[in-house]
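Here the structure is laid out as structure tokens; the discussion comes afterwards.
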Amino acid sequence: MAQLSSTLLYIAFVLYLIGTFFFGGTIRDKKDRPQTNRWATVGIVITIVGFLSQVGYFITRWIAAGHAPVSNLFEFTTFFGMMLVGAFIIIYFIYKTSILGVFTLPVALLVIAYASMFPREITPLIPALQSDWLHIHVTTAAAGEAILAISFAAGLIYLIRVVDQSKSSKRTFWLEFVLFCLITTLGFVAVSSAFGLADYEAKFKWVDKNKETQEVVYQMPALVGPHQWTLEKQSADRLKPLVEMPAIINAKKLNTVIWSLFGGAVLYLLLRLLLRKRVAAALQPFVKNVNLDLTDEIGYRAVAIGFPVFTLGALIFAMIWAQIAWTRFWGWDPKEVWALITWLFYAAFLHLRLSRGWHGEKSAWLAVIGFAIIMFNLVAVNLVIAGLHSYAGS
């Protein structure tokens with residue numbers, strides 16, 4: 001069953017990739033009319049088949065594990081990618097905007113590729129997760145974040161279309177920085193795959209925040225080491241850490257983030273050398289026929305729908321579960337704090353949109369910043385900062 005689950009996820013990944021190319025074929029249609037564009041029709045059919053394949057992965061993994069497959073970073077992130085594609089399919093049939101697939105599906109592909117670099121073994125639930133609230137809280141929160149991510153895709157399309165690339169400015173810098181961050185995900189996949197193929201391994205003993213000695217295995221050379229580290233004998237020839245981290249920081253996963261940034265920087269520089277222009281400038285011709293008003297509307301509607309879903313999953317359901325599991329509904333755990341920050345940001349987004357008239361480019365920038373907060377929560381908080389939700393990064 002586990003093998004079937006992995007195969008279905010791989011099939012979904014390949015179909016999303018093919019779907020992206022078919023949606024890209026609609027770019028030649030000056031009026032972006034998917035109802036008369038065979039490229040778009042084939043693209044959405046392939047995407048739906050891929051989504052159904054990933055749903056099959058989710059169901060078969062659930063059967064194999066005996067619980068909802070959202071209990072670790074691999075499972076949660078692949079579920080997030082599935083919800084992102086599901087949200088795109090619904091939005092597509094409402095607005096019939098093909099170009100959205102060219103940007104949304106690659107984000108989903110990056111999310112799934114990112115997830116695949118983490119341990120994929122099915123493991124028993126720890127006691128803290130043995131509750132029906134796991135299914136309710138985590139799946140609803142992921143669905144809300146996925147719908148909100150659609151606003152990011154729409155906002156990115158809008159900004160690539162309107163930001164003047166003929167001269168350098170703060171707008172071009174920050175737009176390019178956003179694209180660099182997406183490329184960094186590819187860097188993570190490339191670096192993880194390279195060291196995985198090399199079978200790199202370094203074992204450390206270290207002291208955690210409870211003053212207990214633990215063992216950790218690095219799959220990448222240790223640029224940063226754990227608190228009060230010592231290399232075990234069989235790893236004596238491995239790279240010694242340049243910096244030691246305090247116990248509150250997950251040094252192994254921070255090390256992964258640093259290597260990912262390095263890999264992303266190399267990929268970005270290679271792209272710039274190949275394109276001989278900013279990445280955003282190279283993408284601009286692909287969005288020249290975009291209807292800006294419609295794109296702006298899609299971004300707003302995604303937030304209007306995703307915000308209440310996120311509120312239910314990430315705050316209300318989370319508080320109920322926290323009260324049951326830890327006898328308090330709020331505890332300022334890093335994950336809880338960033339969920340609150342995310343909620344406050346999107347609340348401010350809706351306020352500025354509805355009360356202050358922040359439409360168009362301002363709204364697009366807010367959508368991009370909101371997604372950056374979501375990804376910081378997913379990547380940095382899960383991987384680097386130790387807390388009650390640290391099991392999510394296992």
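Here, residue 1 is the first one in the sequence, and each next residue gets the next number.
- Looking at every heavy atom in both residues, H137 comes nearest to G313 through ND1-O, 2.7 Å.
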message: Please evaluate residues K240 and W229 with respect to the criterion side chain to side chain contact (heavy atoms under 4.5 Å, CB included), reporting the C-alpha separation (whole Å), side-chain torsions for both, the decisive distance (0.1 Å), and the verdict.
response: CA-CA 10 Å; K240 293 178 173 59; W229 59 270; 4.1 Å; yes

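- In this structure, the side chains of L110 and Y114 stay at 4.5 Å or more apart for every pair of heavy atoms.
- With T140 contributing its side chain and I136 its backbone, the two residues share a donor-acceptor pair below 3.5 Å.
- Counting only heavy atoms from C-beta outward, the side chains of F204 and T230 never approach each other to under 4.5 Å.
- For S235 (side chain) and L231 (main-chain N/O), no donor-acceptor pair under 3.5 Å exists by modelled atom type.
- I249 and V207 fall into different hydrophobic clusters, defined by Ile, Leu, Val, Met, Phe, Trp and Tyr side-chain heavy atoms under 4.5 Å apart, directly or through other members.
- The shortest distance between side-chain heavy atoms of I160 and V290 does not fall below 4.5 Å.
- Between the side chain of T172 and the main chain of S168, no donor-acceptor pair closer than 3.5 Å is present.
- At a threshold of 4.5 Å between side-chain heavy atoms, the hydrophobic network of Ile, Leu, Val, Met, Phe, Trp and Tyr places V216 and I258 in two separate groups.
- Under the side chain to side chain donor-acceptor pair (under 3.5 Å) test applied with R278, the options Q284, E176, Q165 reduce to a single match, Q165.
- Put simply, CD1 on I59 and CG on L8 are 9.5 Å apart, with the number rounded to the nearest 0.5 Å.
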- request: In sequence, state the C-alpha distance, the side-chain angles, and the governing distance for S363 and D296, and then conclude on side chain to side chain contact (heavy atoms under 4.5 Å, CB included).
  value: CA-CA 8 Å; S363 183; D296 181 52; 3.9 Å; yes

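- Scanning both residues, A302 and I147, for their nearest heavy atoms gives O-CG2, 3.3 Å.
- Follow the hydrophobic side-chain contacts under 4.5 Å out from L275 and you reach F173 in the same cluster.
- With T256 contributing its side chain and K252 its backbone, the two residues share a donor-acceptor pair below 3.5 Å.
- No more than 12 heavy-atom neighbours from other residues, nucleotides or ligands sit within 6.0 angstrom of CZ on F177.
- Taking the centre of each ring, Y92 and F23 come in below the 6.0 Å mark.
- For the pair R272 and K277, the tightest heavy-atom approach, listed with the atom from each and the gap, is NE-O, 3.0 Å.
- The main-chain N or O of E212 is never found under 3.5 Å from a side-chain atom of N210 such that the two would form a donor-acceptor pair.
- Without hydrogens or angle criteria, T295 side chain to A154 main chain gives no donor-acceptor distance under 3.5 Å.
- Y95 has its side chain out of reach of L100: every pair of non-hydrogen atoms, C-beta onward, lies at least 4.5 Å apart.
- Judged by distance alone, with hydrogens and angles left aside, the side-chain atoms of N255 form a donor-acceptor pair with the main-chain N or O of P221 at under 3.5 Å.
- Residue R171 places its CZ atom among more than 12 non-hydrogen atoms of other residues, nucleotides or ligands, all under 6.0 Å distant.
- Enclosure of atom CZ in F195 by more than 12 non-hydrogen atoms of other residues, nucleotides or ligands within 6.0 angstrom is indicated.
- Using bins of under 30°, 30° to 60° and over 60° for the plane-to-plane angle, the ring pair Y346/F349 lands in the tilted bin.
- By the 30° and 60° cut-offs, the orientation of the rings of Y268 relative to F180 is perpendicular.
- Distance CD/Q228 to CD/E244: 6.5 Å, rounded to 0.5 Å.
- Side-chain contact between L105 and V85 is present, with heavy atoms from C-beta onward closer than 4.5 Å.
- More than 12 heavy atoms of other residues, nucleotides or ligands sit less than 6.0 Å from atom CZ of F317.
- S116 contributes atom OG, which lies 7.0 Å from atom CZ of F13 (distance to the nearest 0.5 angstrom).
- Remark: R301 CZ to S151 OG distance equals 13.5 Å, nearest 0.5 Å.
- Considering only heavy atoms from C-beta on, K362 stays 4.5 Å or farther from R356 through its side chain.
- Atom OG1 in T139 sits 14.0 Å away from atom CZ in F80 (nearest 0.5 Å).
- Considering every non-hydrogen atom in both E75 and P69, the closest pair reads CB-O, 2.9 Å.
- To the nearest 0.5 Å, atoms CG (L223) and CG (L239) are separated by 6.5 Å.
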- prompt: Under the side chain to side chain contact (heavy atoms under 4.5 Å, CB included) criterion, do L354 and Y300 qualify, and how do the steps go?
  reply: CA-CA 10 Å; L354 299 173; Y300 163 64; 3.5 Å; yes

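- Annotation: F307 is in aromatic contact with W343 [ring centroid separation under 6.0 Å].
- Linking Ile, Leu, Val, Met, Phe, Trp and Tyr whenever their side-chain heavy atoms come within less than 4.5 Å puts W338 and L148 in one cluster.
- Note: F79 and F58 have tilted aromatic rings, judged against thresholds of 30 and 60 degrees for the angle between ring planes.
- Between F152 and F371, the ring planes are parallel. Angles under 30° get that label, and only those over 60° would be called perpendicular.
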task: Could you give me the CA-CA distance, side-chain angles and deciding distance for I316 and I320, then say whether side chain to side chain contact (heavy atoms under 4.5 Å, CB included) is met?
output: CA-CA 6 Å; I316 296 175; I320 294 172; 4.3 Å; yes

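- Side-chain contact between I298 and Y158 is absent, with no heavy-atom pair separated by less than 4.5 Å.
- Taking the six-membered ring for Trp and the full ring otherwise, the centers of Y16 and F88 sit at least 6.0 Å from each other.
- Residue M82 comes nearest to F51 through the heavy atom pair O-CE1, 3.2 Å, listed as atom of the first residue, atom of the second, then distance.
- Using a 3.5 Å distance cut-off with no hydrogens or angles, the side chains of T78 and Y57 do pair a donor with an acceptor.
- For the residue pair V102 and T20, the shortest heavy atom distance occurs at O-CG2, 4.2 Å.
- Looking at L242 and V224, their side chains never come closer than 4.5 Å, going by heavy atoms from C-beta outward.
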